[in-house]
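Encoded as structure tokens, the structure appears first; notes follow it.
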Amino acid sequence: MKLTPLLLLIPLLSGAALAAPQCTQADKSKWMSEADAQQQIKAMGYDIKKFKVTKTNCYEIYGWDKEKHKVEIYFDPTDLKKVKEEIDE
């Protein structure tokens, strides 16, 4: 019966491993506009299915790269530096 509290912690611990990265501490006034960011990301060759602002101060996209691989990428909104990238090949 004492395992119950421990079992409740398992989803919390596993969720921490999947958390979005922290992209910037910069004030939002220093961020590139969402429209400009999307335009520049498209110019890099990405096809954006979904674009969003994360709670951890990132611009995140779901979409495809030039080779049509599915991607999930977190960008620093101040300079569009890639912070984390996942590619399904």
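Counting from 1, the numbers follow the sequence of the chain as shown.
A continuous path of ILVMFWY side-chain contacts below 4.5 Å connects M32 to I48, so both sit in one hydrophobic cluster. Transitive grouping of hydrophobic side chains (ILVMFWY, heavy atoms separated by less than 4.5 Å) brings M44 and W31 into a common cluster. Connection of V71 to Y59 is established within a shared hydrophobic cluster, with ILVMFWY side chains joined at heavy-atom distances below 4.5 Å, either directly or through further cluster members.
Residues meeting the salt bridge (charged side-chain N to carboxylate O under 4.0 Å, His left out) test with E86, sequence neighbours left out: K84. Every residue was checked against the side-chain hydrogen bond (donor to acceptor under 3.5 Å, both in side chains) condition with D88, not counting sequence neighbours, and none meets it. By the side chain to side chain contact (heavy atoms under 4.5 Å, CB included) test, S33 pairs with A35, D36, sequence neighbours left out. Remark: D76 pairs with T78 by the side-chain hydrogen bond (donor to acceptor under 3.5 Å, both in side chains) rule, at least two apart or across chains. Partners of E85 under the side chain to side chain contact (heavy atoms under 4.5 Å, CB included) rule, at least two apart in sequence or in another chain, are Y46, I73, K82, I87. Remark: K30 pairs with no residue by the side-chain hydrogen bond (donor to acceptor under 3.5 Å, both in side chains) rule, at least two apart or across chains.
Atom CD of Q22 is surrounded by more than 12 heavy atoms from other residues, nucleotides or ligands within 6.0 Å.
Residue pairs meeting the disulfide bond (SG atoms under 2.5 Å apart) criterion with at least one member in residues 59-89, sequence neighbours excluded, do not occur. The disulfide bond (SG atoms under 2.5 Å apart) analysis of residues 60-89, with sequence neighbours excluded, yields no pairs. Residue pairs meeting the salt bridge (Lys or Arg N to Asp or Glu O under 4.0 Å) criterion with at least one partner in residues 51-74, sequence neighbours excluded, are K52-E60. Listed by first and then second residue, the disulfide bond (SG atoms under 2.5 Å apart) pairs involving residues 36-89 are C23-C58 (not counting sequence neighbours). Residues in residues 59-89 take part in no disulfide bond (SG atoms under 2.5 Å apart) pair, two or more places apart or across chains.
Hydrophobic clustering, defined by side-chain heavy atoms of Ile, Leu, Val, Met, Phe, Trp and Tyr closer than 4.5 Å, leaves W64 isolated from every other such residue.
How far CG of D47 is from CD1 of I41: 12.0 Å, rounded to the nearest 0.5 Å.
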Begin from the C-alpha positions of I61 and F75 and carry the test side chain to side chain contact (heavy atoms under 4.5 Å, CB included) through to its verdict. CA-CA 8 Å; I61 68 152; F75 293 93; 4.0 Å; yes

